[in-house]
Amino acid sequence: MSALASLPPKPLVATAAASLASRARWKPAEIAFWLATVASIFLLPSKHLILTEIAILGLFALSLDLILGYAGIVSLGHAAFFGFGAYAAGILAKYGIIKEPVLALLASGVLAAALGFVTSFLVLRGSDLTRLMVTLGVALVLREIANQLDITGGADGLQGVVMEPILGHFPFDMFGRTAYIYSLVTLFVLFLIARRIVNSPFGLSLRSIKGNPLRAAAIGIHVNGRLVTIYTIAAAYAGIAGALLTQSTQFASLSVLDFERSADVMLIVIIGGTGYLYGGLIGAVLFKLVQDYLANVNPQYWQFWLGLILVMMIMFGRVYGAIMAALIFAICTWTRLPFMQSIVFTLVVLAVLGIARPQILAVTSRITERAAAIQTRLRARLARKPAER
Amino acid sequence: MLTILFDGIAYGMLLFVVSCGLAVTLGLMNFVNLAHGAFAMAGGYITVILVNRLGLPFLASLPLAFAFTAIIGAVFERTLYVHVYTKSHLEQVLFTIGLVFMSVAAVDYVMGSQQQFVSIPSYLQGQINFFGVGIGRYRLLIILVCGLLTVALQFALASTRFGARLRAAVDDARVARGLGINVNAVFAITFAVGSGLAGLGGALGAEILGLDPHFPLKFLIYFLIVVTVGGTSSITGPFIASLVLGIGDVAGKYYVPQFGSFVIYTIMIVVLIWRPQGLFSRAVAK
Amino acid sequence: MAPALQTQGLVKQFGGIIATNDVTLTVEKGARHALIGPNGAGKTTVINLLTGVLRPTAGRIVLEGRDITDLEAYKRVGLGLARTFQINQLFADLTPLETIGLAVSERMQLGRQWWRLPGSKPVVIEESVDILNRFGLTDAMNERTATLPYGKQRLLEIALAIACRPNVLLLDEPAAGVPEAERHGILDAVAALPSDVTVLLIEHDMDIVFSFADRISVLVNGELFVEGTPEEVAQDPRVKAVYLGEEAHDA
């Protein structure tokens, strides 16, 4: 080992370059995912309204994943930016400030980004708990302001929003087809940008800050600057998601700033998994489908089951927890248990599961080990096959 | 003017009794329990059932509300919460939000979504005229009960053997175990008492705070403000914070209703940025 | 010519406790300077003050003639001051290649670029692979850092500081916790550091100090106690009393 070591061998450099680039390569599953979304436009024409909601929710969750999954910033008030964008788009359209929807969408994003930039300085310091509280506080302050102002319509919401045709050519139709395609295109474009960002040197530095901010600073990374940047970008994304909601529903109410909205988006990202961009999108699909289904079975009370999923996922891990919550729900549904008895049954089961948690965890970890072993064996066999031929 | 001050004190005292359990779990056990308000709600609904449906005297139902909520708290602590103590704050937050969602939906179904009122006996209604200041009898009761509880709590933490064990268990659970202290039991009892106090506060406050299924979410931020602004290293901090918040909120809603809760949230953010450990906690050298 | 690194009357207080007391230290250019002292003498506090993790209560820090006392930690790195940590501070989820590449691209001011893929700049890759090669880490360059054996992680810890291409390098107990069998790998890496890099070594192990350093400062209870060549320090009776005495006692 010498300081004057000659340049490293060329093949090694080539391998290194290839392996760094491989992370950013498009995988078949990704292409399939986006093809499926395109297909949904034509195959599910009657579902465009809920699909639009999913696309918007997915964009909102993508925004949270940018700060939570890549930079490690927890937030219980991400609805602040969503709501800000929603009201911005509504006000721009209602008062005819910017009539063209795409321009208004961009303007809403810029406004939300400005808010994100200003409030980002509040989340730079402090523990997770402080960040959770501060973000929650910011969202509450905004909700209070929206409640008091005249321009937002207060508690009645912002009514009388009329949208011009997109780019002057594509009017919003009553079946939601235009709105869905519009939302999907927006989501896809913003996804591409986000994908570029997280795979860049900037994205790498974010991951390093999430992993170890002390060391990141010690190799010369301006930690606070990077956090401010990504928080601002994420705010813009959330703002655009909110603006899409207003534009597609032609209405904005205080619920865009609700605590439940912040909690839901956090739940979505947790369900789908953080730090790989698709987590938010997959989480949004699952969340909306489950919500839609539960709301049909138990109108009004579906939040009970949502809460159960959360509790189980934290207690038994993402996958097993969700499966167990689904099992409890399935038992209640199949036996046609009235909701009252379902509550009692669920609580009893929860208590029993809680007491038996160590044993259950032992079983689930053994299943995970088995599954991993089978997976490696399968992969080895698949890798060998082509070589034998 | 003095009436508003008096109402504010009563409101603040209520907030303190409800939040002190949260201060204990957060400060001493480092556990973020966003479902704390659900226990207060439970106390409120238990009182509604006992008084309105079963016809129990209001005063007799208060200790029962405490006892029932404490039992519920103990059961939840032993079966569920105990597994989450060692998880990250984010996971604790998600877990307890899940519990809040469940409690909101369940109560909504069982009790209905409308606001509930406890029938307050006639001798607690109306005002006493005290040197020209109108003092609500019911608010006087709240101040008395909460004041007594505060003194008792301070005494229990500072001067009893249990208080000493609790402080030891919190300082270093492993050492405390080595000294023969049953840390799990200490935590369970603390959690149960904290829940019970929340339940009692909910029972007393049903009239003033308003009781409906969304109670845990509506007041969550108030409890959190008390705890974050007051700090968690003693109970004096949350006590002062509760009083200031109570008086400020009542006075603010009376004099400058257009500001709503805006000022209070802003103060919370400022305090969190300026002194993340709370205004009244001593700076810890580290 | 200004010294590589200088402190004047450096003081750090935590509440009522004085962790660093009036430390005035000069590290000459190209020196192999060791800072030694018994446990709890405040060696790591000095490093944290020098690198900007902590702010001094009083005193000045001068890097190559430039006052950096109030400069943020990351800016000091840009001026050529890098460090390693006593306890590994690595990025568990990144690979060694990503880790080193990150440091190299930050140094080249490319770290804020968001439109480019890492790996698309040949200069960055070549230098990263070169550094990994020098530290014998190319075999493991695509593994998750968290899965590397401890000795490799320790090497990466030093390689990461080198990737910042420092003029002054602060090594905080580079061999701490490394098993005997892998120790020489670390020591070789330290010995092979380019001679134009000024090194301030914090160390507890006397063998390493005396085989490496050309100048030694002894820190006791946060104060500079003795400074001199290895021979002078080894012969100083006061040092023997407080430090080598303890060392003999340990053995």
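Within every chain, numbering begins at 1; the chains are lettered A, B, ... in the order of the sequence lines, protein sequences first and strands thereafter. Small disclaimer: the values here were computed from a predicted structure and weren't measured.
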Check: With no hydrogens and no angle check, is any side-chain donor or acceptor of Arg207(A) less than 3.5 Å from a backbone partner on Gly275(A)?
Finding: no
Determine whether [X] and [Y] make a side-chain contact, defined as any pair of heavy atoms from C-beta on separated by less than 4.5 Å.
X: Leu66(A); Y: Leu277(A); result: yes
X: Phe60(A); Y: Leu244(A); result: no
X: Phe212(C); Y: Leu187(C); result: no

Which atoms of [X] are under 4.5 Å from chain A, going by heavy atoms: the side chain, the backbone, both sets, or neither?
X: Glu106(C); value: side chain
X: Ala92(C); value: neither
X: Gln109(C); value: neither
X: Thr51(C); value: neither

Check: Does the ring centre of Tyr278(A) sit less than 6.0 Å away from the ring centre of Phe191(A)?
Finding: yes
Note to self: Strictly below 4.0 Å, N to O, side chains only: are Arg23(A) and Glu98(C) in salt-bridge contact?
What the structure shows: yes
Margin query: Assess whether a salt bridge exists between Arg165(C) and Glu127(C), defined as any Lys/Arg side-chain N lying under 4.0 Å from an Asp/Glu carboxylate O.
Written below: yes
Next item on the list: Give the member of Leu110(C), Val53(C), Leu90(C), Thr84(C) that has the highest number of heavy-atom pairs under 4.5 Å with chain A.
Entry: Leu90(C)
Check: Quick one: salt bridge (Lys or Arg N to Asp or Glu O under 4.0 Å) partners of Arg144(C), sequence neighbours excluded?
Finding: Asp93(C)
Check: Going through the distances and angles, do Arg195(A) and Glu30(A) end up as a salt bridge (Lys or Arg N to Asp or Glu O under 4.0 Å)?
Finding: CA-CA 12 Å; Arg195(A) 198 176 181 283; Glu30(A) 285 184 88; 3.0 Å; yes
Next item on the list: Please name all residues satisfying side-chain contact (heavy atoms from CB on, under 4.5 Å) with Ala235(A), sequence neighbours left out, ordered by chain then number.
Entry: Phe81(A)
Margin query: Testing Asp67(C), Thr7(C), Thr69(C), Asp70(C) one by one against Arg60(C) for a side-chain hydrogen bond (donor to acceptor under 3.5 Å, both in side chains), which residue passes?
Written below: Asp67(C)
Next item on the list: Write out, in numerical order, the residues from residues 110-120 of chain A with a heavy atom short of 4.5 Å from a heavy atom in chain C.
Entry: none
Next item on the list: Select all residues of residues 212-225 of chain A having any heavy atom within less than 4.5 Å of some heavy atom of chain C, and report them by number, or 'none'.
Entry: Asn212(A), Leu214(A), Arg215(A), Ala216(A), Ala217(A), Ala218(A), Ile219(A), Gly220(A), Ile221(A), His222(A)
Margin query: Surrounding CZ of Arg116(C) (heavy atoms of other residues, nucleotides or ligands, distance under 6.0 Å), is the total greater than 12?
Written below: yes
Check: Looking at Ser208(A), Gly203(A), Ala24(A), which has the largest count of heavy-atom pairs under 4.5 Å with chain C?
Finding: Ser208(A)
